[in-house]
Amino acid sequence: MFELLFPFFLLVLFFLVFSIIWRIKARKYISSGTVASAYDAWTQDKLLERLWGEHIHLGFYNSGKKNIDFRKAKVQFVHELVKWSGLDKLPKGSRILDVGCGIGGSSRILAKNYGFNVTGITISPAQVKRARELTPNGLNCNFQVMDALDLKFEDGLFDAVWSVEAGAHMSDKNRFADEMLRILRPGGYLALADWNSRDLKECPPSFFEKLVLKQLLEQWVHPEFISINEFGNILRANKHSSGRVISENWNSYTNPSWYDSIIEGFRRPFAILSLGPIAIVKSIREIPTILLMNWAFRKGLMEFGVFKCRG
């Protein structure tokens, strides 16, 4: 009997130990410094870049199309947001600010494919260093360490502001919107994509949903999620905004990214193995959060909001 139960006991023990490590090693938001530290660590261990490429955001999957390459879907996302937001109407040489630029993937596309003069900012010094390393000489991209809640630019300096999946890390959504719109010239374009919760006031979460949201906040340094409508209203009411804000939920286009981000490890196993055994443990550690994200977006607890408005 013991011999039959022993494998089951080991499996339970493994999941128990793994769960404890997962909770102890949670990346709970404390301040902007914890966001910087988390992204510094993700950048320096190179695991995220090896698996996700130079775009640390979700991809765009056209309806009805399957078997789209994960990394190509990310590039496609950039082009789709450019087209949807109207940035493609801007002339070459337009000044663009990429808020939360990561390691510069979107910035380089905006500069290379659209001829824009791009400034990328991130709170992570390691990301700025890596973005500069990946950017070819002659491309109109420059990168700076800067807090999105305290932009060191004069009013109206940029023709457009671009931000993808950065707002969920912002503790003050009003200040986040105000800073982006402040440095946008009158008539300039704002193109933003972010992770949002559904409206939790109109549709309160169940006990289980509260547990899921708690993990999504604490595992990836998010202070809070707000709904698409809430952030749209923040943009609409801002004194620097034209007041006309258009938003959509792109869940159907982006949701395949979650499973693909796990499958990518099997498609490119040497991307992980080449970094050593610690990288294997780190990659496995992220799987529960990715699965929770997938569940939350699939069930509508979370929504992928895209926003466009004019300065």
Side-chain angles (χ1 to χ4, degrees), residues 35-36 38-62 68-85 87-88 90 94-146 148 158 160-169 180 189-195 220 250 253-254 256-258 260-261 264-265 267-268 271 286 290 293 304 306:
V35 179
Y39 277 102
D40 279 347
W42 281 323
T43 304
Q44 289 162 348
D45 67 23
K46 296 192 183 315
L47 181 60
L48 194 56
E49 182 182 340
R50 291 284 185 91
L51 284 177
W52 283 43
E54 59 183 283
H55 296 275
I56 309 172
H57 57 74
L58 303 187
F60 187 96
Y61 297 75
N62 292 304
I68 301 172
D69 181 83
F70 181 52
R71 299 189 185 194
K72 288 181 180 178
K74 289 165 171 287
V75 173
Q76 184 64 25
F77 176 89
V78 177
H79 293 300
E80 292 292 338
L81 187 59
V82 167
K83 183 171 64 176
W84 180 81
S85 64
L87 261 67
D88 56 345
L90 289 169
S94 295
R95 297 161 300 178
I96 313 296
L97 180 66
D98 184 354
V99 178
C101 64
I103 57 176
S106 296
S107 294
R108 284 185 287 276
I109 289 178
L110 294 173
K112 181 179 179 180
N113 293 71
Y114 299 94
F116 297 149
N117 188 343
V118 184
T119 298
I121 64 123
T122 169
I123 203 166
S124 163
Q127 284 190 327
V128 167
K129 180 177 182 293
R130 186 60 181 145
R132 290 171 178 169
E133 291 171 351
L134 291 170
T135 302
N137 291 330
L139 198 61
N140 285 326
C141 285
N142 71 87
F143 301 96
Q144 302 177 37
V145 178
M146 196 177 298
F158 292 94
V161 174
W162 171 277
S163 183
V164 174
E165 298 179 26
H169 294 297
M180 289 189 294
Y189 292 76
L190 172 68
L192 186 142
D194 206 3
W195 299 351
W220 287 350
W250 277 15
Y253 299 121
T254 57
S257 300
W258 296 113
D260 255 6
S261 66
E264 194 71 2
R267 290 190 187 122
R268 295 180 169 92
E286 302 301 337
I290 293 172
M293 280 288 187
F304 193 96
V306 290

**Request:** Calculate, to the nearest 0.5 Å, the distance between atoms CD and CD1 belonging to Glu54 and Ile103 respectively.
**Result:** 6.5 Å
**Request:** Could you tell me which non-hydrogen atom of Ala131 sits nearest to which non-hydrogen atom of Gly102, and how far apart they are?
**Result:** CB-O, 4.2 Å
**Request:** Please state whether the rings of Phe60 and Phe77 are parallel, tilted or perpendicular, taking 30° and 60° as the class boundaries.
**Result:** tilted
**Message:** So for atom CZ, which belongs to Phe304, do other residues, nucleotides or ligands contribute more than 12 heavy atoms lying within a distance under 6.0 Å?
**Reply:** yes
**Request:** Report yes if the side chains of Ile96 and Leu90 come closer than 4.5 Å at any heavy-atom pair, otherwise no.
**Result:** yes
**Prompt:** Which atoms form the tightest heavy-atom contact between Gly120 and Cys101, and what is the distance?
**Reply:** C-SG, 3.5 Å
**Asked** Do the non-hydrogen side-chain atoms of Lys112 and Leu139 ever get within less than 4.5 Å of each other?
**Response** yes
**Fill in**
Rounded to the nearest 0.5 angstrom, the NZ-CG distance for Lys129 and Asp40 is 11.0 Å
**Item:** Lys46/Glu49 salt bridge by N-O under 4.0 Å criterion
**Value:** no
**Prompt:** Ignoring hydrogens and geometry, is there a side-chain-to-backbone donor-acceptor pair from Arg132 to Phe143 under 3.5 Å?
**Reply:** yes
**Complete:** Val78 and Ser106 have their tightest heavy-atom pair at CG2-OG, 3.6 Å
**Asked** Ignoring hydrogens and geometry, is there a side-chain-to-backbone donor-acceptor pair from Asn140 to Ala111 under 3.5 Å?
**Response** no
**Message:** Under the criterion side chain to side chain donor-acceptor pair (under 3.5 Å), I'd like the reasoning laid out for Arg108 against Thr135: C-alpha separation, chi angles, the key distance, then a yes or no.
**Reply:** CA-CA 7 Å; Arg108 284 185 287 276; Thr135 302; 3.0 Å; yes
**Request:** Would you give the length of the straight line joining atom CD1 of Ile123 to atom NE2 of His169, rounded to the nearest 0.5 angstrom?
**Result:** 10.5 Å
**Message:** Between Ser257 and Gly59 (side chain of the first, backbone of the second, donor and acceptor by atom type, cut-off under 3.5 Å), is there such a pair?
**Reply:** yes
**Message:** Please enumerate all residues that pass ring-ring contact (aromatic ring centres under 6.0 Å, His included) together with Phe116, with sequence neighbours excluded.
**Reply:** Tyr114
**Request:** For the pair Trp195 and Trp220, name the ring-plane relationship: parallel under 30°, tilted 30 to 60°, perpendicular over 60°.
**Result:** tilted
**Prompt:** Does His55 have any ring-ring contact (aromatic ring centres under 6.0 Å, His included) partners at least two apart in sequence or in another chain, and if so, which?
**Reply:** His57
**Heavy-atom closest contact (Leu87 atom, Tyr189 atom, distance)** = CD1-CB, 3.7 Å
**Message:** Leu192 vs Met180, test: side-chain contact (heavy atoms from CB on, under 4.5 Å). Steps then yes/no.
**Reply:** CA-CA 10 Å; Leu192 186 142; Met180 289 189 294; 3.4 Å; yes
**Note, Val82 side chain near Trp162 side chain (heavy atom, < 4.5 Å)** = yes
**Prompt:** Just wondering, do Leu51 and Ser261 contact through their side chains at under 4.5 Å, heavy atoms?
**Reply:** no
**Asked** Taking the side chain as C-beta and beyond, is there a heavy-atom pair between His79 and Asn113 under 4.5 Å?
**Response** yes
**Prompt:** Could you walk me through whether Asp98 and Ser107 pass the side chain to side chain donor-acceptor pair (under 3.5 Å) check?
**Reply:** CA-CA 6 Å; Asp98 184 354; Ser107 294; 2.7 Å; yes
**Item:** Qualifying residue, where the test is side chain to side chain contact (heavy atoms under 4.5 Å, CB included) with Thr122 and the options are Gln127, Met146, Gln144
**Value:** Gln127
**Asked** Tyr61 versus Asp260: any side-chain heavy-atom pair under 4.5 Å?
**Response** yes
**Fill in**
Residues Gln76 and Glu80: closest non-hydrogen pair is NE2-OE2, 2.7 Å
**Item:** Distance (rounded to the nearest 0.5 Å) between Thr119 OG1 and Leu97 CG
**Value:** 6.5 Å
**Fill in**
Shortest non-hydrogen pair, Asp194 vs Ala166, comes out as OD1-N, 4.0 Å
**Side-chain heavy-atom pair Thr43, Leu48 within 4.5 angstrom cut-off** = no
**Complete:** dist Ile68:CD1 -> Lys74:NZ (nearest 0.5 Å) comes out at 13.5 Å
